[in-house]
Amino acid sequence: MPSDCISFQNSGYFSSLINDYLDQKPNVQPLYHRFPTVENFGPQIEEKKANFEDNKRAVLVAALEAQYAKINASSATLNNINLLNHSNTYTITTGHQLNLFSGPLYFLYKIISTINLTKELQQKYPEQNFVPVYWMATEDHDFEEINYFTFKGKKFCWNRESTGPVGRLTTEGLEDFLAIFALELGSSTNAETLKTLFQEAYLKHTNLADATRYLANALFGHYGLVILDADDANLKRQFIPFVEEELKHQTAFSKVNETIEQFGNYTVQVNPREINLFFIEDDLRERIIFEDGLYKINNTKRHFSEQELLAELELHPEKFSPNVVMRPLYQEVILPNLAYIGGGGEIAYWLELKSFFDAVKVTFPMLIVRNSVVLATEKQLKKADALALTWSDLFQKQNRLINNKTKQLSEFAIDLSDLKQQLQQQFQTLNELASKTDRSFEGAVKAQEVKQTKGLEQLEKRLLKAQKRKLADSLNRITALQNELFPNQSLQERQANFAEFYLENGEQLLPKLVDEIKPLSTNFTIITF
C-alpha cells in the first residue's frame with residue numbers, strides 16, 4: 001500500500017483556521033508570536049529567559065516534589081524536576097483532561113509529541129535543558145466529558161454525580177466498573193498487565209488526580225515526563241496579580257473580544273466572559289459574576305465586596321480557578337515554558353489569546369498542533385492493496401470514497417458530462433432561435449432545457465446507484481476496511497482507547513510510537529504493527 005503523506009491541511013479533519021495557521025497565511029500571523037520551527041526556539045528561549053523570574057522555580061519544584069512524594073518516580077523524572085531549579089531549563093507543555101483510563105488515543109500522542117520535542121531541542125540547544133510537562137486539568141468540573149472511554153466499539157461509562165473539580169473526585173465505586181471492563185480484556189498476558197495497571201491507578205489512589213498521575217507516570221515516567229497538578233495554593237499565589245487584574249479590569253474580556261472581531265469567517269472556539277474565573281470551595285466550582293457592585297458566586301447566595309474578595313484572594317488563592325481563557329495565562333506565569341502542544345481545537349482557542357498576553361506582559365508561547373496517528377495492521381494494509389486503496393482514498397468521507405471507487409471500478413463511464421454538454425449546445429441553438437420570435441416560445445425552450453438537464457442528472461444518479469449494486473461486494477469490503485481504520489467515520493485517535501492496541505501489541509506499543517512520531521510534522525503518521 002502506498003505510504004502517501006496526508007497533510008493536516010488536506011485531511012479534511014482540521015478547521016480552516018488551523019489550516020491557515022499551518023500554512024502561515026498573512027491574515028493569521030497576528031494571532032501568534034513565533035511559528036514552531038526548531039530555529040525559532042532560539043529567540044523564544046531568550047525572550048522567556050528575560051521575562052521569567054527565577055524565584056518562581058523553587059516554588060514550582062517544591063510543588064512537584066510534594067506531588068511526586070505519593071508515587072514511585074523514575075530517575076529521569078526526578079532529574080528533570082531537579083533541573084527546573086536551574087535558569088537554563090525550560091519546559092514544553094501539553095495539557096489534557098483526567099479522562100478515565102486515559103480516554104482516547106490522542107492522550108498518548110500529545111505526551112509523546114511533547115517528550116520527543118524536548119529530545120529534538122536538546123540536540124539543537126545542548127547548553128539548555130528541556131523538560132516535558134503534562135498539565136493535568138484537575139480543576140475542570142465537566143465530569144461528563146471525561147467519565148467514559150471506548151474499547152473495541154463499546155462505550156464504558158462511570159455513572160456518578162460530580163459538580164466540583166474533577167481532580168478532587170473520589171475514586172470510590174470504581175471496583176465494579178473495573179470488574180466489568182476486566183471481563184472484556186480477557187486473560188492474556190497483556191490483558192493481565194492492563195488490569196494491574198488500572199487497579200493500581202484507580203483502586204489504590206483516593207482521587208482522580210492521583211490516579212491519573214499514577215497512570216501517566218507508569219506509561220511515560222521512564223521518558224522523564226513531569227506531571228503537574230496546578231491546583232496548588234503556592235502555585236496560585238504567584239498568579240494573584242493576574243487574578244486581581246481580571247477581577248478589577250476584565251482585560252481578558254476586552255482583548256479577546258477585540259481579537260475575535262478580526263476572525264472573519266473563522267469559527268470562534270471560546271467566547272470570554274466578563275470575569276474568566278471560578279470560585280472553588282469544597283465540592284463547588286462556580287463562576288464569579290460582578291452584579292450590582294458585588295462579586296457573586298453563581299448559583300449560590302455568596303457575595304463579596306471588592307475589598308472582601310481581594311482579601312479572600314490574598315488568604316486563599318487556591319479558591320480562585322481560571323477558566324479556559326485564563327488557564328493558558330496561569331500556565332505561562334508559573335512555568336518556564338516555551339511551547340504548548342495541543343489538538344486543533346485547543347490551538348484554535350490559544351490563537352484568540354495573544355493580544356491578551358501582550359496586554360498583561362507575559363510571553364506568548366509557540367503553538368504546536370500535536371501529532372496525529374493512524375495505527376494499522378499488516379493484514380489491513382494487504383486488504384487495502386487488494387482493493388487498490390491509497391491512504392488518500394481512505395481519508396475521504398465515506399460517501400465520496402464509495403462514489404469515486406464506483407466510478408473507478410465501473411467498466412464504463414458513469415459521468416454523463418459529455419451528454420450534458422451536447423444538450424447545452426443544442427439548447428443554445430434553440431435559445432438563439434427563440435430570441436428572434438415570440439416570448440412564449442422562449443419560455444417554453446427554457447423550461448424544456450431545465451427539464452431535460454434535470455432528467456440527465458437523475459439518470460446519472462440512477463446509473464451510479466445501479467453500479468453500486470453491481471459492485472456491492474467490492475464496495476462493502478472497502479467500507480468495512482475504512483470503518484476499521486476510521487471508526488464511526490472519524491479519526492481512530494478520537495475514538496479508541498490505547499488498551500485496545502496494548503492488548504494486541506503489549507510492551508512494544510509505546511516504544512514504537514515514540515520512535516516514529518516526529519513532533520513538528522504536520523502530516524498524519526501512519527504506523528503499522
Side-chain angles (χ1 to χ4, degrees), residues 8-9 14-53 56 88-95 110 113-114 117-118 120-121 124-125 128 130-133 135 239 242 245 251-252 254-264 266 268-270 272 276 322 324-370 519-522:
F8 292 167
Q9 297 96 312
F14 288 86
S15 69
S16 59
L17 174 60
I18 295 302
N19 289 339
D20 288 351
Y21 169 64
L22 294 174
D23 288 334
Q24 301 181 62
K25 293 284 183 70
N27 61 311
V28 181
Q29 288 177 5
L31 304 180
Y32 61 90
H33 191 33
R34 293 185 177 92
F35 194 76
T37 64
V38 172
E39 292 72 25
N40 276 346
F41 275 93
Q44 189 75 16
I45 288 168
E46 293 305 313
E47 184 175 344
K48 190 67 179 183
K49 182 178 183 179
N51 293 330
F52 188 79
E53 302 90 344
K56 293 179 178 179
N88 65 334
T89 299
Y90 300 92
T91 61
I92 304 297
T93 302
T94 192
K110 275 185 169 183
S113 298
T114 306
L117 181 55
T118 61
E120 193 170 329
L121 292 175
K124 176 70 175 177
Y125 304 97
Q128 314 292 344
F130 302 94
V131 174
V133 171
W135 178 291
F239 197 52
F242 300 92
E245 164 74 18
T251 305
S254 61
K255 290 298 178 181
V256 176
N257 275 326
E258 283 177 16
T259 301
I260 287 173
E261 288 175 4
Q262 303 169 24
F263 263 45
Y266 294 133
V268 174
Q269 196 70 22
V270 297
N276 294 279
V324 66
V325 169
M326 289 286 286
R327 189 212 67 79
L329 181 65
Y330 179 36
Q331 171 188 298
E332 297 304 309
V333 166
I334 67 172
L335 290 177
N337 196 51
L338 302 175
Y340 183 78
I341 296 178
E346 289 176 281
I347 300 304
Y349 77 70
W350 273 86
L351 289 170
E352 298 177 27
L353 304 179
K354 183 177 179 295
S355 62
F356 170 46
F357 271 69
D358 291 344
V360 294
K361 297 180 172 56
V362 174
T363 300
F364 197 62
M366 296 163 77
L367 303 177
I368 302 171
V369 179
R370 66 165 174 82
L520 296 178
S521 170
T522 56

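None of the values given here were measured: they were computed from a predicted structure. Index from 1, following the sequence. Side chains included, hydrogens not; waters and symmetry mates left out as well; all remaining heavy atoms used.
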Value rounded to 0.5 Å, distance of CD1 in I334 from CG in L329:
10.5 Å
Any side-chain to backbone donor/acceptor pair from Q29 onto Q24? Under 3.5 Å, distance only.
yes
Given the rule in the side chain to side chain contact (heavy atoms under 4.5 Å, CB included) test, do M366 and H33 qualify, once you have shown the distances and angles that lead to the verdict?
CA-CA 7 Å; M366 296 163 77; H33 191 33; over 6 Å; no
In Å and rounded to the nearest 0.5 Å, what is the CZ to CZ distance from R370 to F8?
7.5 Å
State, yes or no, whether a side-chain contact exists between M326 and F239 at a heavy-atom distance under 4.5 Å.
yes
So, using side chain to side chain donor-acceptor pair (under 3.5 Å) as the criterion, who are the partners of N257 when residues are at least two apart?
none
Can you confirm whether R327 sits close enough to W135 that some side-chain heavy atom of one is under 4.5 Å from a side-chain heavy atom of the other?
yes
I'd like to know if the side chain of S355 and the backbone of K255 have a donor-acceptor N/O pair within less than 3.5 Å.
yes
Look only at the side chain of N40 and the backbone of F35, and say whether a donor-acceptor pair between them is shorter than 3.5 Å.
yes
Under 6.0 Å from the NZ atom of K56, do we count more than 12 heavy atoms belonging to anything else shown?
yes
Here the gap from Y90 atom OH to F52 atom CZ, rounded to the nearest 0.5 Å, amounts to 9.5 Å
Using side-chain heavy atoms (C-beta onward) and a distance below 4.5 Å, is E47 in contact with F364?
no
For N19, check side chain to side chain donor-acceptor pair (under 3.5 Å) against everything at least two apart and list the hits.
none
Keeping E245 on the side-chain end and T251 on the backbone end, is there a donor-acceptor pair under 3.5 Å?
no
Test log, rule side chain to side chain contact (heavy atoms under 4.5 Å, CB included), inputs L31 and L17
CA-CA 11 Å; L31 304 180; L17 174 60; 4.2 Å; yes
So which heavy atom on P272 is nearest to which on V325, and how close?
CA-CG2, 4.1 Å
Provide the closest heavy-atom pair for E120 versus P519 in the form atom of the first, atom of the second, distance.
OE1-CG, 3.3 Å
For residues V360 and F242, report the shortest heavy-atom separation together with the two atoms involved.
O-CE2, 3.9 Å
How about W350 and Y21: are their ring centres within less than 6.0 Å of each other?
no
Let me see the working for T114 and V133 under side chain to side chain contact (heavy atoms under 4.5 Å, CB included), right down to the final yes or no.
CA-CA 7 Å; T114 306; V133 171; 5.9 Å; no
Test your reading of the model: is there a side-chain donor-acceptor pair from Y125 to the backbone of G42, 3.5 Å cut-off?
yes
Yes or no on side chain to side chain contact (heavy atoms under 4.5 Å, CB included) for F357 and T363, after CA distance, side-chain angles and deciding distance?
CA-CA 7 Å; F357 271 69; T363 300; over 6 Å; no
Are V324 and Q269 packed together at the side-chain level, in the sense that at least one heavy-atom pair is separated by less than 4.5 angstrom?
no
For the student: nearest non-hydrogen atoms of K354 and P30, plus distance
CD-O, 3.7 Å
Any idea how F263 and Y266 line up, ring-wise: parallel (<30°), tilted (30 to 60°), or perpendicular (>60°)?
perpendicular
Could you check if a side-chain atom of T37 sits within less than 4.5 angstrom of a side-chain atom of L520, using non-hydrogen atoms only?
no
Can you give each donor-acceptor pair under 3.5 Å made by side-chain atoms of residues 335-349, sequence neighbours left out, with the distance rounded to 0.1 Å?
| residue | atom | partner | partner atom | Å |
| --- | --- | --- | --- | --- |
| N337 | OD1 | T91 | OG1 | 2.8 |
| N337 | OD1 | T93 | N | 3.4 |
| N337 | OD1 | T93 | OG1 | 2.8 |
| N337 | ND2 | E332 | OE2 | 2.8 |
| N337 | ND2 | A339 | O | 3.1 |
| Y340 | OH | G95 | N | 3.1 |
| Y340 | OH | E346 | OE2 | 2.6 |
| E346 | OE1 | K110 | NZ | 2.8 |
| E346 | OE1 | G343 | N | 2.9 |
| E346 | OE2 | K110 | NZ | 3.4 |

Check whether any side-chain heavy atom of L121 sits under 4.5 Å from a side-chain heavy atom of Q128, and report yes or no.
no
Result of checking I18, L351, L353 against L367 for side-chain contact (heavy atoms from CB on, under 4.5 Å)
L351
So does V270 get a backbone contact from the side chain of E352, meaning a donor-acceptor N/O pair under 3.5 Å?
yes
Working to the nearest 0.5 Å, report the span between CG of D358 and OG1 of T259.
9.0 Å
